Amino acid sequence: MAASIAEHGEDAFRKLFKIYKRRNPPPDFSEVIHFSKPCKDKVFTCELNSTPISEEDVSKAGLRPVKDWRAFGLHGYPGFIFISNPFLPGSQQYWVKQCLKIYPQKPNVCNLDMHMSSVETENIWGKSRDVIQRKGCGKREPKTLLEKLRWVTLGYHYDWNSKTYSPDHYTPFPKELHSLSHKVAAACGFPGFNTEAGILNYYRSDSSLGIHVDESELDHTRPLLSFSFGQTAVFLLGGTKREDRPTAMFMNSGDIMVMSGPSRLLYHAVPCIIAAQAGNMLPPCLGQRLETEAQGDDNIQNMSDEDWDVCYWYLQTSRVNVTVRQVLASGQTFPSSQASHLSTDSCEKSEEGTQKNKKRKSESGCERDT
């Protein structure tokens with residue numbers, strides 16, 4: 001995932017990162033790109049390929065017809081594509097539920113596994129829902145497990161210590177997330193994209209994602225896909241060196257980013273989450289329900305009011321980001337030295353290492369600043 005980067009004094013990227021991370025006085029966001037109001041000197045419109053994907057197929061993944069997507073590129077960043085919320089009204093709620101209720105379930109791995117038993121983390125959603133309901137009664141309650149969630153890994157599980165993927169540390173990748181990612185990749189010119197690993201980062205209002213490059217995948221010719229849900233974030237996209245000043249842009253709920261080609265290995269970071277405006281706790285697109293009933297083979301379905309109450313409560317102060325990547329090229333295998341001999345539950349059961357190492361591993365997600 002994030003490469004380990006040695007510090008060599010102040011650099012251009014870190015300076016801007018610190019400015020946007022600053023809370024007092026608050027940063028000036030006037031130079032941050034908002035793709036709903038693109039700047040012609042920085043932003044241009046991208047043409048996507050709608051030919052290989054039928055409207056019926058993208059609809060099953062909760063997406064509008066590709067011809068209706070609004071896609072943009074940035075001058076100076078070849079291979080970078082920003083798609084402004086292509087989701088059908090109501091479908092984002094489904095993906096939020098998957099990220100909060102389904103994907104943290106075993107056998108997937110999360111940061112809580114580093115310092116809690118498998119029994120304590122086997123029902124993060126249910127245990128959090130019970131606490132949330134009590135909080136609604138005005139009682140003082142401890143933080144829920146959802147509030148403590150920082151990351152979840154899917155498919156080939158990323159090892160935060162060795163910064164590698166392993167053939168011995170794998171669980172089946174979610175079919176519906178593969179379907180979504182496969183269609184987005186195909187529209188962006190990458191047919192046959194194979195979803196092999198995913199990392200979900202869960203951001204609270206004071207969270208950030210440190211400066212890093214996603215280079216642990218063995219194949220860099222395939223794109224990195226990023227899906228954003230919830231509160232708005234500032235995303236910084238830099239160059240191949242930390243001395244390169246990054247470009248700042250807003251990532252709103254439903255937005256998708258694709259990093260490919262020369263942009264695949266650029267430094268990037270998320271310095272801050274933008275607090276919701278008073279009286280408007282959620283972006284309007286998240287309050288929408290599905291306009292039509294799901295058919296039998298549709299992935300996207302309306303959720304119960306009870307489930308949405310939990311999602312709504314969480315999203316008022318949080319953001320979820322899903323990154324999907326292909327680890328291996330077609331026909332490629334892991335080198336023998338890559339095998340870590342980790343079982344899928346090794347993160348839950350390992351007693352090795354000091355308490356300090358456990359804490360460091362558990363916080364390796366969206367707070368890391370490498």
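Side-chain atoms are counted along with the backbone in the values below, which use heavy atoms only and exclude waters and symmetry mates. What you see is a predicted model; the values in this text were computed from it and never measured.
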Considering all heavy atoms of both residues, which atom of [X] and which atom of [Y] are nearest to each other, and what is their separation?
X      : Y      : value
Phe190 : Ser260 : CZ-CB, 3.4 Å
Ala185 : Phe193 : CB-CB, 3.5 Å
Pro246 : Ala12  : CD-O, 4.1 Å
Ile273 : Arg319 : CD1-CD, 4.0 Å
Ala71  : Ile81  : CB-CG2, 4.3 Å
Ile53  : Ala187 : CD1-N, 3.6 Å

Roughly how far apart are [X] [atom1] and [Y] [atom2], rounded to 0.5 Å?
X      : Y      : atom1 : atom2 : value
Phe80  : Cys46  : CZ    : SG    : 9.5 Å
Asn194 : Arg325 : CG    : CZ    : 14.0 Å
His212 : Asp214 : NE2   : CG    : 4.0 Å

Applying side chain to side chain donor-acceptor pair (under 3.5 Å), run through Thr195 and His182 and close with a yes or a no.
CA-CA 7 Å; Thr195 52; His182 189 268; over 6 Å; no

Give a yes or no answer on whether the side chain of [X] reaches the backbone of [Y] with a donor-acceptor pair at less than 3.5 Å.
X      : Y      : answer
Ser228 : Ser253 : no
Ser181 : Leu177 : yes
Ser59  : Glu55  : no
Ser216 : Lys163 : yes
Asn111 : Trp151 : yes
Gln93  : Leu286 : yes
Ser179 : Ala61  : no

List for me each residue that meets side-chain contact (heavy atoms from CB on, under 4.5 Å) alongside [X], sequence neighbours excluded, and say none if there are none.
X      : result
Ser318 : Arg204, Tyr314
Ser205 : none
Asp130 : Gln133, Arg134
Lys37  : none

Not counting sequence neighbours, which residues clear ring-ring contact (aromatic ring centres under 6.0 Å, His included) with Phe227? List them please.
none

Mind checking ring-ring contact (aromatic ring centres under 6.0 Å, His included) for Phe35 and listing every partner two or more places apart, or none if nothing turns up?
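Expected list: Phe72, Phe82.
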
Qualifying salt bridge (charged side-chain N to carboxylate O under 4.0 Å, His left out) pairs with a residue from residues 247-261, counting only residues at least two apart or across chains:
none

Please walk me through it: do Leu218 and Gln332 pass side chain to side chain contact (heavy atoms under 4.5 Å, CB included)?
CA-CA 9 Å; Leu218 276 66; Gln332 185 181 20; 3.8 Å; yes

Residues forming a salt bridge (charged side-chain N to carboxylate O under 4.0 Å, His left out) with [X], sequence neighbours excluded:
X      : result
Lys241 : Asp244
Arg264 : Glu217
Lys148 : none

Which residue pairs pass the side chain to side chain donor-acceptor pair (under 3.5 Å) test when at least one of the two sits in residues 72-91, sequence neighbours left out?
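Found Arg70-Ser84, Tyr77-Thr247, Asn85-Gln92.
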
Could you go step by step and tell me if Asp159 and Ser166 meet the side chain to side chain donor-acceptor pair (under 3.5 Å) rule?
CA-CA 8 Å; Asp159 187 310; Ser166 165; over 6 Å; no

More than 12 heavy atoms of other groups within 6.0 Å of Glu31 CD:
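At most 12 heavy atoms, drawn from other residues, nucleotides or ligands, come within 6.0 Å of this atom.
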
Does CZ belonging to Arg22 count more than 12 external heavy atoms closer than 6.0 Å?
yes

Go through the steps for Leu282 and Gln231 under the test side chain to side chain contact (heavy atoms under 4.5 Å, CB included), then give the verdict.
CA-CA 7 Å; Leu282 288 188; Gln231 298 298 328; 4.0 Å; yes

Decide whether Val66 and Leu88 are clustered together by the hydrophobic rule: side chain heavy atoms of Ile, Leu, Val, Met, Phe, Trp, Tyr closer than 4.5 Å, transitively.
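No, no single cluster joins them.
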
In terms of hydrophobic clustering (I, L, V, M, F, W, Y; side-chain heavy atoms under 4.5 Å; direct or indirect links), are Phe44 and Ile83 co-clustered?
no

Any chance you could lay out the side chain to side chain contact (heavy atoms under 4.5 Å, CB included) test for Val234 and Val270, step after step, and finish with the verdict?
CA-CA 6 Å; Val234 172; Val270 176; 5.9 Å; no

Single hit among Tyr203, Phe87, Tyr94 for ring-ring contact (aromatic ring centres under 6.0 Å, His included) with Phe229
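Considering Tyr203, Phe87, Tyr94, a ring-ring contact (aromatic ring centres under 6.0 Å, His included) with Phe229 is found only for Phe87.
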
Passing option when Tyr156 is tested against Tyr165, Phe173, Phe334 for ring-ring contact (aromatic ring centres under 6.0 Å, His included)
Phe334

Applying salt bridge (charged side-chain N to carboxylate O under 4.0 Å, His left out), run through Asp307 and Lys101 and close with a yes or a no.
CA-CA 9 Å; Asp307 281 354; Lys101 183 177 182 178; 3.0 Å; yes

Could you walk me through whether Leu265 and Thr240 pass the side chain to side chain contact (heavy atoms under 4.5 Å, CB included) check?
CA-CA 7 Å; Leu265 295 175; Thr240 57; over 6 Å; no

According to ring pair (Phe, Tyr, Trp, His ring centres under 6.0 Å), does anything in residues 231-255 pair up with another residue at least two apart or in another chain? List the pairs.
His34-Phe250, Phe235-His268

Any Ile256 side-chain heavy atom under 4.5 Å of Val184 side chain:
yes

Under-4.0 Å salt bridge between Arg289 and Asp305:
yes

For the pair Asp113 and Lys106, evaluate salt bridge (charged side-chain N to carboxylate O under 4.0 Å, His left out) and give the outcome as yes or no after the intermediate values.
CA-CA 10 Å; Asp113 296 322; Lys106 299 293 172 286; 3.1 Å; yes

